[in-house]
Amino acid sequence: MKAVHLLVAIFALSSSLVSAYDPSPLQDFCVATNETDGVFVNGKFCKDAKLVKAEDFLRHVEAGNTSNPLGAQVSQVFVDQLGGLNTLGISLARIDFAAKGLNPPHTHPRATEILFVVEGSLYVGFVSSNQDGNRLFTKVLNKGDVFVFPIGLIHFQLNVGYGNAVAIAGLSSQNPGTITVANALFKANPPISTQLLTKAFQVDKSVIDYLQKQFWSDNN
């Protein structure tokens, strides 16, 4: 009898997790709107279906400005930029790299990412979880290559070619989220305790003070 109760509990837990993660839509579309009237689905209000236009599913993306300390710019096409993505469980980003440009270590807590190199050569990689021993998986990608970063794992891209590079990233959520590791640790608001960081990294306080004053990626 206890085994039956355990199975029921596991089934109930798994069902609740599945229903909480980008459920399949029950209508053709649910275009996100800033209006606060209407149906509220998965964090966004839906535009009245009768008022939806083709423009709600269209966005033009220009090359990103890479004149920043990291030499890279991510141009997101998530639900906040394209309302028509709402509830569809997919999004993308264009990533532009100057020579030696870096998209620094970051994670997407709600999405797997698949990266397609349009131009140039990129050194890419991800790190597995503590449970897996924090293994590093890396490759140098060239034009036409595709690489996958599993959901939630820290990953990065570095331009190792001689010129500019461009990549397109597809993500398995309309709102994948981005956590840049350096931002989260050294630009938290309010700041994380210096005492905590010095103990966590086993370094002198002056090192943490220096890191907290540096520029970190402003890509969201």
Side-chain angles (χ1 to χ4, degrees), residues 21-22 43 61 63-82 85 89-141 145-161 164-192 196-197 200-201 208 210-220:
Y21 186 82
D22 277 357
V61 180
N65 182 1
T66 60
S67 59
N68 57 65
L70 292 177
Q73 181 64 48
V74 179
S75 301
Q76 297 176 346
V77 187
F78 297 173
V79 67
D80 287 340
Q81 292 80 36
L82 182 58
L85 289 172
I90 193 170
S91 60
L92 65 78
R94 171 180 172 142
I95 314 170
D96 289 276
F97 300 85
K100 309 307 178 187
L102 170 69
N103 189 16
H106 63 281
T107 74
H108 302 293
R110 295 180 290 275
T112 291
E113 176 181 335
I114 185 166
L115 186 82
F116 173 73
V117 179
V118 178
E119 199 64 56
S121 297
L122 298 175
Y123 171 69
V124 308
F126 67 86
V127 181
S128 67
S129 64
N130 295 2
Q131 183 180 12
D132 188 61
N134 300 126
R135 290 191 292 158
L136 175 64
F137 297 81
T138 64
K139 290 294 288 185
V140 173
L141 307 183
D145 286 341
V146 174
F147 196 82
V148 173
F149 306 105
I151 184 171
L153 298 185
I154 293 173
H155 57 282
F156 56 83
Q157 300 104 26
L158 172 68
N159 183 2
V160 292
N164 296 340
V166 181
I168 301 295
L171 300 113
S172 61
S173 171
Q174 68 267 9
N175 189 21
T178 303
I179 302 173
T180 304
V181 176
N183 279 15
L185 291 173
F186 304 117
K187 290 295 184 182
N189 184 20
I192 297 174
L196 186 153
L197 291 174
F201 287 95
I208 299 301
Y210 172 80
L211 290 171
Q212 288 179 325
K213 293 176 183 176
Q214 300 310 299
F215 168 88
W216 303 109
S217 172
D218 57 3
N219 290 322
N220 295 318

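Starting from 1, each residue takes its place in the sequence as its number. Keep in mind that this is a model prediction, so the values were computed, not measured.
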Could I get the full list of side chain to side chain donor-acceptor pair (under 3.5 Å) partners for S129, not counting sequence neighbours?
none
For the pair R94 (side chain) and G64 (backbone), establish whether a donor and an acceptor sit closer than 3.5 Å, ignoring hydrogens and angles.
no
Distance col, row I154:CD1 vs L136:CG, nearest 0.5 angstrom, shows 11.0 Å
Could you tell me whether the side chain of T66 and the main chain of Q73 form a donor-acceptor pair under 3.5 Å?
no
Under a 3.5 Å distance rule, please check whether Q81 uses its side chain to pair with a backbone N or O of F78 as donor and acceptor.
yes
Check the pair V124, V117 against side-chain contact (heavy atoms from CB on, under 4.5 Å), reporting the backbone distance first and the verdict last.
CA-CA 11 Å; V124 308; V117 179; over 6 Å; no
Which value, rounded to the nearest 0.5 Å, describes the distance between S121 atom OG and L141 atom CG?
8.5 Å
Just so I know, are the side chains of N164 and D96 near enough to count as touching, which here means a heavy-atom distance under 4.5 Å?
no
Contact summary for K100 and G161, nearest pair of heavy atoms:
NZ-O, 3.8 Å
Scanning both residues in full, the closest heavy-atom pair of N175 with R110 reads O-NE, 2.7 Å
G89 and Q174 have their tightest heavy-atom pair at N-OE1, 2.7 Å
Salt bridge (Lys or Arg N to Asp or Glu O under 4.0 Å) partners of D80, counting only residues at least two apart
K44
Residue pair I208 / F186, side-chain heavy-atom distance below 4.5 Å:
yes
I'd like to know whether NZ of K139 has more than 12 heavy-atom contacts from other residues, nucleotides or ligands below 6.0 angstrom.
no
Give me the atom names and distance for the closest heavy-atom approach of A72 to N103.
CB-N, 4.2 Å
Heavy-atom check, side chain of Q157 versus side chain of F149, under 4.5 Å
yes
Residues forming a side chain to side chain contact (heavy atoms under 4.5 Å, CB included) with A99, sequence neighbours excluded:
none
Of all heavy-atom pairs linking L85 and V79, the shortest is CD1-N, 4.1 Å
Listed partners of F137 passing ring-ring contact (aromatic ring centres under 6.0 Å, His included), at least two apart:
F126
Rounded to the nearest 0.5 angstrom, the CG-CZ distance for L122 and F147 is 11.5 Å
CG of L171 to CD1 of I90: how many Å apart, nearest 0.5 Å?
9.0 Å
Salt bridge (charged side-chain N to carboxylate O under 4.0 Å, His left out): pairs with one or both residues in residues 118-132, sequence neighbours excluded:
E119-K143, D132-R135
Heavy-atom distance under 4.5 Å between the side chains of F156 and T138, does that happen here?
yes
Of all heavy-atom pairs linking A111 and P176, the shortest is CB-CB, 3.4 Å
Does some side-chain heavy atom of V61 sit less than 4.5 Å from a side-chain heavy atom of L92?
no
Taking S172 for the side chain and T112 for the main chain, is one N or O donor matched with an acceptor at less than 3.5 Å?
yes
Would you compute the distance between atom CG of L197 and atom CG of L211 and round it to the nearest 0.5 angstrom?
9.0 Å
Can you name the side chain to side chain donor-acceptor pair (under 3.5 Å) partners of N159, sequence neighbours left out?
none
Working to the nearest 0.5 Å, report the span between NE2 of H155 and OG1 of T107.
7.5 Å
If you apply the rule side-chain contact (heavy atoms from CB on, under 4.5 Å), what do you find for H108 with T178, and how did you get there?
CA-CA 5 Å; H108 302 293; T178 303; 3.4 Å; yes
